[in-house]
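Take a look at the structure below.
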Amino acid sequence: RKKKSLPTLHALNDPDAGPQLAALLEDELTAQELPQALALLEQAGTRTYATEAMRTRHAQGMAALHEALGDRAGASALAAVAGSPLDRRA
């Protein structure tokens, strides 16, 4: 049994897309099935959900960094690394 990512778990819990995605994931996903799986993730609103979850966690992490480092937080290496997931494009 494989671990599932946050986006996959989100889509699996969608009442419409979830059962279809679960059926696709019963076996190893093939290249031919990938477009259908991606469409189901989109149908479930998973991109929006995952983006909002990332932004929320990022804001929490940055708040903790500012609490720990004060004015030095913005210039820290952690702040630079923490910003990179928000700048990624799929």
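Residue Leu24 is tested with Thr30, Leu29, Leu34 for a side chain to side chain contact (heavy atoms under 4.5 Å, CB included); the sole match is Leu29.
Once rounded to the nearest 0.5 Å, the distance linking CD of Glu52 with CZ of Arg47 reads 13.0 Å. Atom CG of Leu25 and atom NZ of Lys4 lie 6.5 Å apart (nearest 0.5 Å). With rounding to the nearest 0.5 Å, the separation of CG in Leu65 from NE2 in His58 is 9.0 Å.
Contact between Ala79 and Met62 at its shortest, heavy atoms only, is CB-CE, 4.0 Å.
Put simply, Tyr49 and Leu41 are part of two different groups of oily side chains (I, L, V, M, F, W, Y) that touch within less than 4.5 Å, one to the next.
Residues passing the salt bridge (charged side-chain N to carboxylate O under 4.0 Å, His left out) test with Glu67, sequence neighbours excluded: none.
A donor and an acceptor atom, one from each side chain of Thr48 and Thr51, are nowhere located under 3.5 Å apart.
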Solution key, residues 9-23 side-chain donor-acceptor pairs under 3.5 Å, sequence neighbours excluded:
| from | atom 1 | to | atom 2 | distance (Å) |
| --- | --- | --- | --- | --- |
| His10 | ND1 | Thr46 | OG1 | 2.9 |
| Asn13 | ND2 | Leu9 | O | 2.8 |
| Asp14 | OD2 | Asp16 | N | 3.0 |
| Asp14 | OD2 | Ala17 | N | 2.7 |
| Gln20 | NE2 | Asp16 | O | 3.2 |

